Every structure is written in C-alpha cells, then in structure tokens.
There are 2 protein chains.
Amino acid sequence: MARVGLTRERLVRAGAELADEVGFDQVTVSELARRFDVKVASLYSHVRNSDDLKSGIALLALEELADRGAAALAGRAGKDALTALANVYRDYAREHPGRYSAAQWRLTPEEAAASAGGRHAGMTRAILRGYDLTEPDQTHAVRLLGSVFHGYVSLELAGGFSHSAPDSQESWSRILDALDALLRNWPAAQPPTR
Amino acid sequence: MARVGLTRERLVRAGAELADEVGFDQVTVSELARRFDVKVASLYSHVRNSDDLKSGIALLALEELADRGAAALAGRAGKDALTALANVYRDYAREHPGRYSAAQWRLTPEEAAASAGGRHAGMTRAILRGYDLTEPDQTHAVRLLGSVFHGYVSLELAGGFSHSAPDSQESWSRILDALDALLRNWPAAQPPTR
DNA sequence: GCACCTGCCTAATAGCTTTAGGCAAATTCG
DNA sequence: CGAATTTGCCTAAAGCTATTAGGCAGGTGC
C-alpha cells in the first residue's frame with residue numbers, strides 16, 4: 001500500500017490535463033484514479049465528489065486565463081490591448097480545449113464569487129479605457145466583447161470555421177479590426193424603427 | 001404488455017422536452033424510459049444508443065431554429081432582418097434552454113451535412129444582402145454575427161448578465177444597434193501596428 | 001517505542017448503458 | 001377467419017461510474 005501522495009491540488013491539475021486530452025465532460029473520477037494507479041474511493045478524501053472536482057478544474061482554468069490576460073495586458077492599450085486579450089482567450093482555448101470548456105462550468109454562487117471571474121470582467125473594462133466610452137455604454141461594450149470572444153472561440157473549437165475559406169485566422173484579425181473600429185465609434189442608441 | 005407506441009420521433013421529441021426541463025446533459029435513456037413507463041431496453045429498438053438520441057434532439061433543435069429564422073426573415077431586410085434573426089436565437093434559447101444546448105452537440109460529419117446547419121449560415125448571409133459587403137468580408141461578417149449571437153446567448157443563459165445593471169435586454173438592443181452600424185460601415189483590413 | 005492520525009484499501013449500494021434472447025400483440029396473407 | 005410472420009416491449013445480465021462505510025498500515029509526534 002504505497003502512498004502515492006494524492007492531493008486536491010494534484011487531482012485538479014491531473015483532471016485539467018485529462019480534460020484537455022479527452023474533453024471536459026469525459027473527465028471522470030474513475031479515470032483519474034486509474035491514472036494515479038489508485039482505487040476510486042481513495043480520491044474521495046481529497047475531493048468531495050465529481051462536481052467538486054470539476055469545479056476545481058473550472059477555477060483553475062479561470063485563474064490561468066486571468067493570469068495570462070493580465071500578463072498580456074501589461075503595458076498595452078487601445079487596439080493593441082484588445083488584440084492581446086482576445087488572443088489570450090483564443091490561444092488558451094486552442095492549447096487547452098478541455099480547460100476552456102471547464103471555464104464554462106456552472107459554478108455555485110460561492111465558488112463564482114471566489115473565482116477569477118471578476119478579474120476577467122475587470123480586464124475587459126481595462127481595455128475600454130483606451131476608448132471613449134462612458135456608462136452604461138461601457139457595460140454594453142464589455143458584454144459585446146465577452147460575447148464575441150467566447151462565441152468565436154466556441155464556434156471555432158466546435159469546428160465551425162474549418163473546411164471553408166477564408167481561414168479562421170483571417171476572419172479573427174478582421175473581426176478584431178472591426179471591433180476596434182466599432183469601439184472608436186460607438187453609436188448612440190437608435191430610435192426603434194417605426 | 002400493452003404497447004405504448006414508441007417511435008424514434010416521439011422519443012426525440014420527449015427527449016427535447018426533458019432537455020428543457022432538466023438540462024441537455026441530464027437527458028438520459030433511463031429517464032426517458034421512465035417517462036414512457038417502459039423498460040429501458042425497449043428504447044434501443046428505436047434509437048441506436050444514447051448519443052444517437054442526443055443527435056436526434058440536436059437535429060430537431062437546429063431544424064426548429066432554422067424554421068423560426070426563416071419565418072422571421074420573411075419580408076424583412078437590413079437592420080430589421082438583423083434584429084429579427086438575432087431575436088430568434090435569443091428567444092429560442094430562453095424558451096428552450098435544453099434544446100439550445102442540444103444545438104451545440106457535436107454531430108458526426110454525416111449528421112452535420114444532413115442538418116439544418118446550412119440553412120443557418122444561409123440566413124445570416126441573407127441578412128448581409130441588406131448591407132454592402134463583398135467576399136471575403138461577407139464571410140468575416142457572417143462569422144462575427146454567429147459569434148455574437150451564440151456568445152451573447154450562451155453567456156446570458158449561464159447567468160452572466162443577471163444581477164448587474166443595466167439589464168440584459170438593454171445591452172442586447174444596443175449591441176444590435178452597434179452591429180448594424182458596424183455592418184453599414186465595415187472597415188477595410190488594418191495594417192498591423194508597426 | 002508507542003499511540004495516533006491519515007491515506008489508501010476492500011466492500012457494498014445504486015444508477016446508467018448496452019446487448020441478447022423471449023413472448024405476445026399486431027399485421028399480413030391464404 | 002385463422003395461420004404465419006413481423007414487430008414491440010420484456011427479462012436477464014454484464015460493465016462502467018459515483019458514492020459511502022469501515023478497516024488496516026505507514027508515517028508522525030511524543
């Protein structure tokens with residue numbers, strides 16, 4: 001009965017790797033036990049249950065993403081910052097698809113509050129400092145950026161943009177150009193069409 | 001042994017309802033059998049397996065969405081069409097969250113080819129006829145719209161925009177205003193910054 | 001060197017998935 | 001109308017995941 005040295009920390013980390021290999025929803029307590037060459041029940045001293053493990057992976061992913069974002073934003077402003085943060089999300093999702101899916105995991109309110117979620121919103125807001133937007137337009141813009149980043153990355157990951165020209169990288173660049181232009185020239189509220 | 005009259009059709013439809021009630025990933029062959037008051041094994045004559053059932057629900061959702069989209073687009077153009085299609089996605093996701101998730105289910109290439117996926121791309125392209133875009137910009141714009149629609153709806157469904165002002169509806173309107181403005185004034189490719 | 005605690009184990013229950021083979025209801029046909 | 005066939009739902013069984021309870025031994029502290 002050699003002790004393997006299990007830890008919540010190590011389990012979550014291994015879970016994240018597993019997610020990247022086989023997909024987040026294929027992450028299973030059993031498979032994790034197998035990887036540590038340990039019986040399943042042994043994991044339950046370190047992790048409350050399967051959902052708890054998944055939450056751990058989600059929190060890890062959010063944290064890693066936020067760290068990368070902060071590093072990318074340092075010293076940048078305007079379109080430069082916009083592109084940098086956008087690429088952080090896209091690159092992370094391509095490098096770590098399982099972790100990226102994990103970041104969408106529905107956390108409990110307490111977990112969410114303790115998560116890096118706030119940092120993400122903050123970073124997007126930081127980008128907007130390079131543009132001339134005041135509330136509530138700033139919030140609208142934050143939501144738009146979040147939607148585009150997440151939406152594009154999800155669709156790309158799902159294979160939506162492969163197998164058709166032009167290639168995804170080009171669309172991505174042009175979409176960022178377009179967002180930059182839009183933020184520099186954010187339209188006032190339109191009156192409803194008759 | 002009264003015959004209940006199971007059918008792939010009925011199973012898929014019931015699966016879709018189940019998805020809306022408990023979430024797409026909680027849709028289970030067992031639960032479905034329970035609802036029809038039938039033994040689990042009985043379903044396997046109508047559905048190849050669990051994944052097949054899920055694919056069926058996904059195809060149904062894509063079809064319903066495309067139908068709604070087509071109806072909404074009829075007789076509309078420009079921003080009017082843009083808003084109409086966007087609202088189709090958002091409203092559908094709010095009315096049928098489980099089905100909406102199902103629409104994200106990864107289909108096999110054959111299933112995808114037979115799906116309503118093509119109609120969706122076509123509808124977004126149709127919207128762009130009201131704007132002055134030529135290829136490849138049109139494709140970039142299609143991808144942007146897809147990203148915003150899907151991204152916003154996903155984030156909203158995940159609860160991302162609740163509990164904070166301004167309310168989601170307002171952001172949605174303003175984002176559609178912004179997209180309309182952007183499409184009317186789509187920027188040329190920007191030279192990379194130095 | 002002893003007691004304790006902690007970490008991993010065995011055992012057991014329960015749910016979901018999937019396949020194989022059986023019987024009876026519905027349908028087809030003489 | 002009744003026989004033959006098809007088809008629909010069933011029982012049985014195996015395999016996998018999740019989760020809990022209780023046990024034994026290895027490492028730790030005195």
Side-chain angles (χ1 to χ4, degrees), chain A residues 1-60 98-99 101-102 105-108 110-111, chain B residues 1-60 98-99 101-102 105-108 110-111:
Chain A
M1 307 186 178
R3 301 205 173 182
V4 187
L6 296 183
T7 291
R8 180 186 169 83
E9 173 79 14
R10 287 187 64 196
L11 288 179
V12 168
R13 205 161 288 284
E17 282 161 30
L18 179 56
D20 286 335
E21 290 171 35
V22 303
F24 182 61
D25 32 52
Q26 307 296 319
V27 170
T28 180
V29 190
S30 305
E31 177 58 31
L32 214 49
R34 236 169 270 132
R35 301 221 163 181
F36 279 98
D37 199 30
V38 138
K39 298 299 171 181
V40 196
S42 307
L43 302 202
Y44 283 80
S45 329
H46 304 279
V47 151
R48 248 192 316 287
N49 52 39
S50 186
D51 277 14
D52 183 40
L53 170 66
K54 288 184 179 157
S55 292
I57 300 173
L59 291 171
L60 172 66
R99 283 157 147 101
S101 304
W105 174 255
R106 189 97 184 233
L107 298 168
T108 66
E110 307 79 57
E111 289 169 333
Chain B
M1 295 171 190
R3 301 201 171 182
V4 188
L6 297 183
T7 290
R8 179 188 170 82
E9 173 79 14
R10 288 187 64 195
L11 289 178
V12 168
R13 205 160 289 284
E17 281 161 30
L18 178 58
D20 286 335
E21 290 171 34
V22 304
F24 182 61
D25 32 54
Q26 308 296 320
V27 170
T28 180
V29 189
S30 304
E31 177 58 30
L32 215 48
R34 235 169 271 131
R35 302 221 162 181
F36 279 97
D37 198 32
V38 138
K39 298 298 172 180
V40 197
S42 308
L43 303 202
Y44 282 80
S45 329
H46 303 280
V47 151
R48 251 195 310 292
N49 53 39
S50 185
D51 277 15
D52 183 41
L53 170 67
K54 288 185 179 157
S55 292
I57 300 174
L59 291 171
L60 172 67
R99 284 153 144 103
S101 305
W105 175 256
R106 189 93 183 236
L107 297 169
T108 66
E110 306 79 57
E111 290 169 333

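It should be emphasised that the depicted structure is a prediction, and the values quoted were computed from it without experimental measurement.
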A.B. asks: Round to a whole Å and report the spacing from CG of A/Asp37 to C1' of C/dC9.
C.D. replies: 13 Å
A.B. asks: For the pair made of CD in A/Gln26 and P in C/dC16, what is the distance, rounded to whole Å?
C.D. replies: 18 Å
A.B. asks: Rounded to the nearest angstrom, tell me the gap between atom CZ in A/Arg8 and atom P in C/dG7.
C.D. replies: 15 Å
A.B. asks: When you get a sec, tell me which of C/dT17, D/dT20, D/dT11 is the closest nucleotide to the side chain of B/Lys39?
C.D. replies: D/dT11
A.B. asks: Please determine if a side-chain N or O atom of B/His46 lies less than 4.0 Å away from the OP1 or OP2 oxygen of D/dC9.
C.D. replies: yes
A.B. asks: Can you check whether A/Trp105 reaches A/Leu59 side chain to side chain, under 4.5 Å on heavy atoms?
C.D. replies: no
A.B. asks: So does B/Arg34 get a side-chain nitrogen or oxygen closer than 4.0 Å to the phosphate oxygens (OP1/OP2) of C/dC16?
C.D. replies: yes
A.B. asks: Any side-chain heavy atom of B/Leu18 within less than 4.5 Å of one from B/Leu32?
C.D. replies: yes
A.B. asks: Nearest to the side chain of A/Thr28, which nucleotide is it out of D/dT17, C/dC8, D/dT19?
C.D. replies: D/dT17
A.B. asks: Hey, which of B/Leu11, B/Asp52, B/Val47, B/Leu43 is the one that makes side chain to side chain contact (heavy atoms under 4.5 Å, CB included) with B/Val29?
C.D. replies: B/Leu43
A.B. asks: Rounded to whole Å, how long is the line connecting atom CG of A/Leu43 with atom P of D/dA18?
C.D. replies: 10 Å
A.B. asks: Please tell me if the side chains of A/Ile57 and A/Phe24 come closer than 4.5 Å, counting only heavy atoms from C-beta onward.
C.D. replies: yes
A.B. asks: Determine: side-chain N/O of A/Ser50 to OP1/OP2 of D/dA18, distance under 4.0 Å, yes or no.
C.D. replies: yes
A.B. asks: C/dC16 P sits how many Å from B/Asp52 CG, rounded?
C.D. replies: 19 Å
A.B. asks: Respond yes when some side-chain nitrogen or oxygen of A/Ser42 is under 4.0 Å from OP1 or OP2 of C/dG7, and no when none is.
C.D. replies: no
A.B. asks: Would you say the side-chain atoms of A/Glu111 pair up with the backbone N or O of A/Thr108, donor to acceptor, closer than 3.5 Å?
C.D. replies: yes
A.B. asks: Mind calculating the distance between CG (B/Leu53) and P (C/dT18) to the nearest angstrom?
C.D. replies: 10 Å
A.B. asks: Could you work out which one of C/dC8, D/dA18, C/dA24 sits closest to the side chain of A/Tyr44?
C.D. replies: D/dA18
A.B. asks: Regarding A/Val40, tell me which of base, sugar-phosphate or nothing describes its non-hydrogen contacts under 4.0 Å with the strands shown.
C.D. replies: base
A.B. asks: Considering only side-chain heavy atoms of B/Val38, which listed nucleotide, D/dA18, D/dC9, C/dT17, is closest?
C.D. replies: D/dC9
A.B. asks: Measure from CG on A/Leu32 to C1' on D/dA18 and round the result to the nearest Å.
C.D. replies: 14 Å
A.B. asks: For B/Ser30 and C/dT17, is the shortest distance between a side-chain N/O and OP1 or OP2 below 4.0 Å?
C.D. replies: yes
A.B. asks: In whole angstroms, how far is the P atom of C/dA26 from the CZ atom of B/Arg3?
C.D. replies: 6 Å
